[in-house]
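Letters go in sequence order (proteins before strands), and every chain restarts at 1. In what follows, every heavy atom counts, from backbone to side chain, and hydrogens, waters and symmetry copies are set aside.
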Amino acid sequence: MLSTAEIHEIEEAIKVVPVKKAACIEALKVVQAHRRWISDESLKDVAEYMKMTAEELDSVATFYNMLFRKPVGRHIILVCDSVSCWVMGYDKLRDQLIQKLGIKYGQTTPDDRFTLLPNCCLGTCDTAPAMMIDDDLYKNVRIDQLDDILKKYS
Amino acid sequence: MGRKLLLKDIDVPGIRSFEVYRKQGGYASVEKALKTMTPDAVMEEVKKSGLRGRGGAGFPTGMKWSFLDRKSDKPRYLICNADESEPGTFKDRYLMEYIPHALIEGMIVSSYALGAKASYIYMRGEFRWIFPILEKAIEEARAAGFIGKNILGTDYSLEVYVHSGAGAYICGEETAQIESLEGKRGNPRNKPPFPAVVGLYNCPTVVNNVESIAAVPPIINIGGDEYAKIGVGKSTGTKLISASGHINKPGVYEIELGLPVEEFLYSDEYCGGIWKGRKLKAVIPGGSSVPILPGDLFLKNAKGEPRVMSYESLADGGFASGSMLGSGGFIVMDETACIVRNLWTFARFYHHESCGQCSPCREGTGWMEKVLHRIETGHGKMSDIDLLVDVAKKIEGNTICPLGDAAAWPVASAIRHFREEFEYHIKYPEKVKD
Ligand SMILES: NC(=O)C1=CN([C@@H]2O[C@H](COP(=O)(O)OP(=O)(O)OC[C@H]3O[C@@H](n4cnc5c(N)ncnc54)[C@H](O)[C@@H]3O)[C@@H](O)[C@H]2O)C=CC1
Ligand SMILES: Cc1cc2nc3c(=O)[nH]c(=O)nc-3n(C[C@H](O)[C@H](O)[C@H](O)COP(=O)(O)O)c2cc1C
Ligand code: SF4
Ligand code: FES
């Protein structure tokens, strides 16, 4: 069941497009913002609301990296693994994160705190290596800063 | 010091706000265009300027605008391509983040020239912190009467929307971007028809890069002829270069096209030379999808003539000994960089981002990733090198969109210029093993 708040936000997105279906990605984002990820159940609800089949909507949902069809943690860590970050020492950053969190790429810590994902160029290659946690961008990340950075997210 | 048009006020405190931007002369082009020029006259100035698309393909912007189907009675759209995800490219992000009104001003003038009543900025989803910056800029412009109904009391009305993507590199390709705006998977369409004829919701649409659109106000302010005087030959005007990698001063630089590459790389005004006093090994001058060049071939073309930063000069020598200006993602590698490993990171990236519609791209990028990984980790065979060349050849030119080419070119060029490094990896696996 979509909540009243969700329906309200989805309606806002529908208002600015000429055909309802065009807002389906926005609708999925709304649900994800409220529930962290998009379960089969949520997907069906959104599909019904948007007058689409669940299969049709799922084929859209699975296309985009930032729509999560599997459970994720409270915070998402995106580590840039593109060229300039590689050139500037990405592998050490990745290894440290993997070691500190005790998880691999694509996994979530057992306490549900972090999900760790690789991401293509974050658009800040002049301050490589870079990573993002939720909406925060971290530039020139040094290994010795990691503990302080991670501490900010509970 | 080169002439600055886009970033001239970047250091003015508070330039992100409407008030300061306006005090510096911002939005003058909107007043000039809407009050004293017809839409066609605006387009004429852009044509005269010789401005070429800054998204990478370098297609003349004025010409593209003139292809917009004006006979159809359907609405016309302008889409600003702010999906910037090309590894090594960050100039659009920089412009939107620090001087957002330059883009909004450009959106208004360009939309006016095209007769668009609604325009979209399609921004990649990862740029979350820029979303509020652009929204605020739009609201400020609206409050001052530059967006909305009857702009500046004229009969021209415009709405500008910011749309954020959901994480897919391919949505930077213009037809994929249109599909995505329509709420679909970002699968590129076959071209032609070009968006100028059949675009968003099947309506005539122009897709332009952030920097192309931001270049329109200065063109209107100084005039197309004056703009065309900057630069060299068919590479007119100024260009933003995103410089990163092993240099002393990474960052975004506005250069006059025609600047000698040596000056760009070594002078303190720009990149400041190779870091740690090391030697230059290779340069990827235009973002991850253009061919890589060894240092000497980057500084001078195969005939020994010094190169300059222009579409023509960087492409001199074709794929045998040249590269491309592309989106201006300038990535520098010093003598310690491992070409095989960097290539593997590219291949992995393209394989992951392939939309999967064309089998040469889908399968080929997968093969290249696998083989390169094998070589990089010391499990390669000599025949792998030719296998890579072969796979790259099979992709080139056989796909719907150029993502396939973009994956193939770096591989082909890296093997052409650095074959011995691949052979070394294969001959001495114990030295390269992780
Ligand atoms: N900035 C970035 O992040 C990235 C940029 N690129 C660049 O993208 C380039 C490829 O882009 P494409 O759009 O596939 O190139 P393209 O050459 O097909 O098109 C360039 C532009 O000109 C227009 N155009 C071309 N011929 C036309 C005609 N006859 N009528 C009307 N319009 C016409 C197209 O619609 C498009 O807007 C590559 O060269 C690469 O450098 C690639 C990846 C990422
Ligand atoms: C795989 C792929 C990704 C692209 N990504 C971008 C991008 O992020 N930004 C951009 O402006 N153009 C990108 N382009 C080029 C666009 O298709 C198009 O040529 C451009 O937006 C036109 O604008 P311009 O003429 O102002 O350069 C991409 C092309 C391909 C093939
Ligand atoms: S070339 Fe690759 S990304 Fe482009 S349409 Fe074909 S499969 Fe998709
Ligand atoms: S390559 Fe990492 S931010 Fe661009």
Side-chain angles (χ1 to χ4, degrees), chain A residues 13-29 32 50 52 56-68 76 78 80-91 95 117-132 134-137 139-140, chain B residues 75 84-94 118 124-131 159 161 163-171 180-187 201 242-247 249-252 284 288 329 331-334 337 341-342 344-346 348-349 352-353 355 434:
Chain A
I14 294 175
K15 261 190 216 155
V16 297
V17 290
V19 285
K20 193 171 181 179
K21 246 192 201 174
C24 74
I25 300 173
E26 291 308 302
L28 290 169
K29 282 192 201 156
Q32 179 163 299
M50 302 304 288
M52 298 169 76
E56 199 182 354
L57 187 64
D58 199 25
S59 105
V60 175
T62 50
F63 188 84
Y64 296 97
N65 297 332
M66 290 165 72
L67 295 176
F68 303 125
I76 310 280
L78 301 178
C80 171
D81 71 342
S82 286
V83 56
S84 299
C85 287
W86 268 95
V87 167
M88 302 302 283
Y90 150 85
D91 41 353
D95 294 349
L117 298 170
N119 204 87
C120 76
C121 178
L122 290 171
T124 183
C125 332
D126 52 339
T127 53
M131 66 177 193
M132 268 185 95
D134 302 336
D135 289 356
D136 309 321
L137 178 68
K139 308 171 178 186
N140 285 324
Chain B
E84 187 172 64
S85 326
E86 175 93 327
T89 310
F90 46 96
K91 59 171 180 91
D92 298 340
R93 187 269 299 163
Y94 183 81
R124 65 183 292 206
E126 288 91 339
F127 286 168
R128 272 175 289 209
W129 70 100
I130 299 179
F131 196 79
E159 285 303 323
Y161 303 101
H163 179 97
S164 76
Y169 169 74
I170 192 60
C171 290
S180 176
L181 265 175
E182 292 179 359
K184 300 179 197 148
R185 291 168 69 90
N187 285 346
Y201 304 115
S242 325
S244 70
H246 296 150
I247 46 177
K249 291 173 59 197
V252 174
I284 302 170
S288 68
I331 309 161
V332 178
M333 296 179 199
D334 73 17
R341 184 171 51 161
N342 285 315
W344 170 61
T345 72
F346 283 171
R348 212 180 25 159
F349 166 73
H352 185 256
E353 300 300 332
C355 83
D434 271 344

Open item on the list: Less than 4.5 Å apart, side chain to side chain, heavy atoms only: is that true for Glu159(B) and Val16(A)?
Closed with: no

- [ ] Indicate yes or no: at least one non-hydrogen side-chain atom of Met333(B) is less than 4.5 angstrom from one of Val83(A).
- [x] yes

Task: Beyond-backbone contact of Tyr201(B) with Val17(A), side-chain heavy atoms, under 4.5 angstrom - done: yes

TODO: Could you look at Thr89(B) and say if it's the side chain, the backbone, both or neither that has a heavy atom under 4.5 Å from chain A?
DONE: backbone

Task: Between Pro18(A), Ala128(A), Ala61(A), Ala23(A), the one whose heavy-atom pairs under 4.5 Å with chain B are most numerous - done: Pro18(A)

- [ ] Heavy atoms only, distances under 4.5 angstrom: which of Glu56(A), Lys29(A), Met50(A), Lys21(A) has the most pairs with chain B? Name it, please.
- [x] Lys29(A)

TODO: Work out which heavy atom in Arg124(B) is nearest to a heavy atom in Cys121(A); give both atom names and the distance.
DONE: NH1-O, 2.6 Å

Open item on the list: What I'd like to find out is whether the side chain of Phe63(A) reaches to under 4.5 Å of the side chain of Ile170(B), using heavy atoms alone.
Closed with: yes

- [ ] Would you give the length of the straight line joining atom CZ of Phe90(B) to atom CG of Leu122(A), rounded to the nearest 0.5 angstrom?
- [x] 12.5 Å

Task: Asn140(A): side-chain hydrogen bond (donor to acceptor under 3.5 Å, both in side chains) partners, not counting sequence neighbours - done: none

TODO: Among Ser242(B), Ala118(B), Gly186(B), single out the residue with the greatest number of heavy-atom pairs under 4.5 Å to chain A.
DONE: Gly186(B)

TODO: Answer yes or no: is there a side-chain heavy-atom contact under 4.5 Å between Ile25(A) and Ser180(B)?
DONE: yes

- [ ] Pick whichever of Ala166(B), Ala243(B), Gly245(B), Gly251(B) has the most heavy-atom pairs under 4.5 Å with chain A.
- [x] Ala166(B)

Open item on the list: Only pairs of heavy atoms separated by less than 4.5 Å count here; which of Cys355(B), Gly88(B), Ser85(B), Gly329(B) has the most with chain A?
Closed with: Gly88(B)

Task: Engaged part of Phe127(B) at the chain A interface, taking heavy atoms whose separation is under 4.5 Å - done: side chain

- [ ] Apply salt bridge (charged side-chain N to carboxylate O under 4.0 Å, His left out) to Arg341(B) and list each qualifying residue two or more places apart in sequence or on a separate chain.
- [x] Asp91(A)

Open item on the list: Is it true that, when you exclude Lys184(B) itself, more than 12 heavy atoms of the residues, nucleotides or ligands shown sit nearer than 6.0 Å to its NZ?
Closed with: yes

Open item on the list: Distance check, rounded to the nearest 0.5 Å: Asn187(B) atom CG versus Ser59(A) atom OG?
Closed with: 8.5 Å

Open item on the list: I want to check something: taking the side chain as every heavy atom from C-beta on, are His352(B) and Cys120(A) in contact at a cut-off of under 4.5 Å?
Closed with: no

- [ ] Going by the side-chain contact (heavy atoms from CB on, under 4.5 Å) test, name the single residue among Cys85(A), Ser82(A), Ser84(A) that passes it with Pro87(B).
- [x] Ser82(A)

Task: Reported CG-to-OH distance for the pair Asn65(A) and Tyr169(B), which is rounded to 0.5 angstrom - done: 13.5 Å

Task: Heavy-atom closest contact (Val87(A) atom, His246(B) atom, distance) - done: CG1-NE2, 2.8 Å

Task: Considering all heavy atoms, the nearest Asp126(A)-Arg93(B) contact - done: OD1-NH2, 3.7 Å

Task: Side chain / backbone / both / neither for Ala337(B) at chain A, heavy atoms under 4.5 Å - done: neither

Open item on the list: If I take atom CH2 from residue Trp86(A) and atom CZ from residue Phe346(B), how far apart are they, to the nearest 0.5 angstrom?
Closed with: 12.0 Å

Task: Minimum heavy-atom distance Glu126(B)-Leu78(A), with the two atoms named - done: CG-CD1, 4.4 Å

TODO: Look up atom CZ in Arg128(B) and atom CG in Leu137(A), then write down how far apart they are to the nearest 0.5 Å.
DONE: 10.0 Å

- [ ] Heavy-atom distances under 4.5 Å only: say whether Thr127(A) touches chain B with side chain, backbone, both or neither.
- [x] neither

